[in-house]
Amino acid sequence: MSKLILSSELNEPQLKAVRTIEGPVLIIAGAGSGKTRVITYRIAHMLDKGIPQSAILALTFTNKAAREMETRVKELTRKKMQSLTVCTFHAFGLKVISENYELLGYRKNFSIYDETDKMTLIKESLRECKMFSPKINLYELSQYFSKIKTGLAKWTDDANMQSVYDEYQSGLKIYNALDFDDLLTIPLALFENHDDVLQKYRQKYKYIMVDEFQDTSFLQYRLMKLLAGSENAKGGPHCCVVGDDDQSIYSWRGANYENILMFEQDFPSRIEIKLEQNYRSTTTILDAANGVISHNTGRKEKNLWSPKEGGKPIELFYPENERAEAGFIADQITQLKIMEGFNYHDIGVLTRTNSLAHNIEEAFLAENIPYRVSGGTSFFQRKEIKDITSYLRIIANSDDDVSLLRIINTPRRGIGKTTIASLNEISSKNKISTWGSIMRLNYSRAGGQLFHDSKSATELEIFAEKIEGWKTLFLERKSQDGKPWRLSQCVRTLVDDIDYWSYLVSEHSKDEKKARWKFSNIEYFIRMIEYWESDPDNLDAGLYPWLNRISLITRDDGEDDNEGKVNLMTIHAAKGLEFPVVFIAGAEDGLIPHEKSILEEEENNEYSSIQEERRLFYVAITRAREKLFITSAQKRRYLQSEKECSPSPFLDEIPKELIIYHEKKSSIATEEEAEKYIAKMREMFN
DNA sequence: GCCCCCGCCACGCGT
DNA sequence: TGGCGGGGGC
């Protein structure tokens, strides 16, 4: 990459950010200021200077961002990126744990528990402690446990939950499982307690970069700081963080934008660079965004400006209800495509919650608008996919109780509640997993004595034999019928063996369509494996790498075939993305800001939750390049009843002169427009 | 002892 | 819309 290219494609501060590769660097990058561009050019520049790929560690917030960054560096340098490490903090933590599992006291092939698995285990722990009640909010308890684990909360008056937490923790250990918090706390403890290990990683990763720094947690910050090392006479560690305090929207997950202040304190010799030129949006959109965000206090000073003078006004519409809203959005999209030549993939529809996407999806289906939903109940959370994944996890790690209990009687094989209760008794008495108990029963031939009928014992034996059989198939990786071993083929065999299709048919005897739909999801899952194992860059297409991969990808971004599809997603999921046209749906009081955050605000008596909601709205606005539509329904169906809504108070913070109010009329108002429309329609259908 | 069906509840963002 | 627990049927 020549100097010429660098200076012609980057502005002055960007150039400085790219060229400053030594020492600590703090980049404050406003929305749309070419942040991703700077990071990728910076990596390319480092490689150009002869820094080996393996010495660079780039930490991102989502898998998607990591993938995009890698692709862009590849395009820029036209080189293979085999030893460049670009990943999320969690993926990096997993890598560190995998490389040191023996030292950490874990067995190979541990399972990673997502939020659902975690809640299942907490429920089990509550039962074990005789404290289970359906009234307990598992979700809240799970979040509380997270805060305890990551040091954000201390045991207070509900110290009786401490025994449940201990039970949960010992459960994880017995089942050879880790939760998401462990992926950060364990590497951190490892680095803190084993200096030799830390030094090894410090030697390897001499250049560290952190994207979306405002959304890193204190834990992640400490991890980065440890890896970077402290400042020394030679000019300090080579760590570069990039962030924007105005786009901090993950504080509920432990993110703390004060990390930016902490970085300034911890690295006094840092070089600070501000990227303030916005390349994305028109001034109309930028002025609206600035109007909103200026109501927040305690911001880092910045002056975001755009050379794209003017632009189309922001269109505001108050539909009667959520159906009218969805219809309006679908109509507008059709018109944007036909009349203004936008592509479907130029359009992003953003909502505060996942559930709001539903109505909009229906309208898209009705009007034949191709779309793609990202986020939400992920593909991997669907029951049928979780079932198959649980089988795979049991094959990789039989001690994984959450997965074992999920599939031990799915499809039904006559192992019911009583049998499982007996197994539980053996397990908790001996502090072993359920699988351990089954093995003990089978080998001691005591099964017949333990159960009233030997039928249960026999069923357990058959089940264990099946699992053992699959272990051979999946883990020994022998070629079959002269063909090389393939994971996808093994999964096919597994799905056949358990006859999942018959199970689906019997479960949905009244709804064959549903059964077929679910089975097609499994087929899609298998095709995903095929796609993944045929990637030449994939050096180990085995069961364990696949499981690791899918446990960290909760958001279903699948293959990147967004071509020709409208993007439907939450505002959170839209972070880091941009679209020529953006719709913000459900801009109502109670949604933006969300009523739960208003509640939080009242409880804590702190002026912080509302500020974060405002930042969220700011992020939503700044995703737009040319056109922005905002809808706020007058009534909305929620929890089976219709609720009167009022517009989001944030709408008042947008300067009035930037807005036009949409009447409920077709934009094909003039005869000329109508003719144009008809002509276009003819063209399309011919 | 296992399974099926019914009624109840909840639904903020996601690694 | 679905997930889950409890009670009754087999």
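Because the structure is predicted, anything quoted here is derived from the model rather than measured.
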Legend entry - Any donor-acceptor N or O pair under 3.5 Å, side chains Asn359(A), Glu322(A): no

Could you list, one pair per line, each protein nitrogen or oxygen that sits under 3.5 Å from a nitrogen or oxygen of nucleotides 4-7 of chain C, together with the distance?
unit_1: dG5(C); atom_1: OP1; unit_2: Lys123(A); atom_2: NZ; d: 2.8

Mind listing the side-chain donor-acceptor pairs of residues 91-100 of chain A below 3.5 Å, one per line with the distance, residues two or more places apart or on another chain?
unit_1: Lys95(A); atom_1: NZ; unit_2: Glu99(A); atom_2: OE2; d: 3.4
unit_1: Ser98(A); atom_1: OG; unit_2: Leu94(A); atom_2: O; d: 2.8
unit_1: Glu99(A); atom_1: OE1; unit_2: Tyr201(A); atom_2: OH; d: 2.5
unit_1: Asn100(A); atom_1: ND2; unit_2: Val96(A); atom_2: O; d: 2.8
unit_1: Asn100(A); atom_1: ND2; unit_2: Tyr201(A); atom_2: OH; d: 3.1

Inset, instruction - Round to the nearest Å and state the distance from Leu138(A) atom CG to dC9(B) atom P. - result: 16 Å

Inset, instruction - Please work out if Glu595(A) contacts a base, only the sugar-phosphate, or nothing of the nucleic acid, heavy-atom cut-off 4.0 Å. - result: nothing

Legend entry - Interatomic distance where CG belongs to Asn548(A) and P belongs to dT15(B) [whole Å]: 16 Å

Legend entry - Ring geometry between Phe583(A) and Phe629(A) (parallel below 30°, tilted from 30 to 60°, perpendicular above 60°): parallel

Legend entry - Nearest to side-chain heavy atoms of Lys596(A), which nucleotide of dG12(B), dG14(B), dT15(B): dG12(B)

Legend entry - Arg253(A) (side chain) and dC13(B) (base): donor-acceptor pair under 3.5 Å: no

Legend entry - hbond_proxy Tyr139(A) side chain to dG14(B) base (donor-acceptor, 3.5 Å cutoff): yes

Legend entry - Sugar-phosphate, base or nothing in reach of Phe89(A), heavy atoms under 4.0 Å: nothing

Inset, instruction - Check side chain to side chain donor-acceptor pair (under 3.5 Å) between Glu425(A) and all other residues, then give those that pass, not counting sequence neighbours. - result: none

